[in-house]
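Accompanying notes for the structure given below.
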Amino acid sequence: MSKEKGIPPGWSYNPASWGQRMPIVIAAMVGFAIATYLALFQLKVIDTVWEPFFGNGSRKILTSETSQILPIPDGALGALGYLVDALAGIIGGTRRWRRMPWIVIAFGLAVGPLGFISVLLVVLQPVLYDAWCTLCLVTALISVVMIGPAMDEMLASLQYMKRVKDAKVSMWKAFWGYKEVQGRVI
Amino acid sequence: MWAQVINAILGIWLMASAAMLGYADAKTITDNEHILGPVIASFAIISWWEATRVVRLYNVPLGLWLLLAPWVLGFDNTAATVNSMVVGALVTGLSFVKGKIEDTYGGGWSAVWKSDTLHAREARKQPRVDLDK
């Protein structure tokens, strides 16, 4: 069964299948598009920003001190984060949970902090600036929605690393997917 | 999963309730709701997926805090007090609803450090060859 489909042992499905990964990659691309749009406003390439509900809210948030705390605006950092997520989601085949654990674990770790920072920024909007920014809320929702479906694949890779450790095979080589350790642990 | 959908809606409701119930000027109350709301909604949404369903329990202390907050922070608005306590009670209760788990996950997160777990036993049954050849 798992020989054909790459299903991890003890699992009922393969978390690295394209059906599992594509929705996350698409979500990340949408997040990337919106964050790029917001960054263009912050970099003054475009001078208005779409805000259907909260009046002057988006402008207030996107030009706030928090958004300029780093040398590049937070929208640009967000766009970079979504791009990393999309790339880490798309690299590798359907057996990547054991052939390249590094990318799966990097993927899981990239999705986590992006979600955390998004939620933090959502909290700061009303607390510090008494304003809301619609598209910022949308991107935050996207990054939170991505966390759950990315974690199952990371779990499969971490379990694989545990089996590598128990089999006394080099965890370093297994993590980076060295050819010589491929197939020594299932 | 329905329980965590409701908790996500309750979290979003907390973000909006100050404006809806008319106590938007009470800074302590609204700050409390604006901090708790997004965090509760996030934990609830993450636990929509079976592999991360356990995250729903992170909302238990947050729900309990909403029950205590009117007294600890000294809310002076009845609508805010009732809102905080009703939402807190619902979030706490619904966080314990695990729902159906239909797939198997090799023994779950604890199987990453424990020995003799489902994935380890299943792997031993398979021949140790390169499966990709």
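Note: hydrogens, waters and symmetry copies are ignored here, and every other heavy atom, side chains too, is used. Remember, predicted model here, so these are calculated numbers, not experimental data. Every chain is numbered from 1, with letters handed out A, B, ... down the list of sequences.
Going from atom OH of A/Tyr13 over to atom CG of B/Asp103 covers 5.5 Å, rounded to the nearest 0.5 Å.
In the displayed structure, A/Glu65 atom CD is contacted under 6.0 Å by at most 12 heavy atoms of other residues, nucleotides or ligands. The local environment of CE in A/Met29 is sparse, with at most 12 non-hydrogen atoms from other residues, nucleotides or ligands closer than 6.0 Å.
Looking at A/Leu124, neither its backbone nor its side chain comes within 4.5 Å of chain B, counting heavy atoms on both sides. Neither the backbone nor the side chain of A/Leu120 comes within contact range of chain B; no heavy atoms are under 4.5 Å apart.
By a heavy-atom distance cut of under 4.5 Å, B/Gly108, B/Trp109, B/Ala111, B/Val112, B/Trp113, B/Lys114, B/Ser115, B/Leu118, B/His119, B/Ala120, B/Glu122 are the residues of residues 108-122 of chain B near chain A, going up by number. Heavy-atom proximity under 4.5 angstrom to chain A picks out nothing from residues 63-101 of chain B. The stretch residues 3-31 of chain B places B/Met15, B/Lys27, B/Asp31 near chain A, each with some heavy atom under 4.5 Å from a heavy atom of that chain. Within residues 37-60 of chain B, the residues having any heavy atom under 4.5 Å from a heavy atom of chain A are, by residue number, B/Pro38, B/Val39, B/Ser42, B/Ile45, B/Ile46, B/Trp49, B/Ala51, B/Thr52.
Listed options A/Leu158, A/Leu155, A/Asp130 were ranked by heavy-atom pairs under 4.5 angstrom with chain B; first place goes to A/Leu155. If you tally non-hydrogen atom pairs under 4.5 Å between each of A/Met161, A/Lys162, A/Gln159, A/Met151 and chain B, the highest count goes to A/Gln159. Chain B forms the most heavy-atom pairs under 4.5 Å with one residue out of A/Val145, A/Asp166, A/Val122, and that residue is A/Val145.
The nearest pair of heavy atoms linking A/Pro9 to B/Ala123 is CB-N, 3.6 Å.
Under the 4.5 Å side-chain contact rule for hydrophobic residues, A/Phe107 and A/Ile105 share a cluster.
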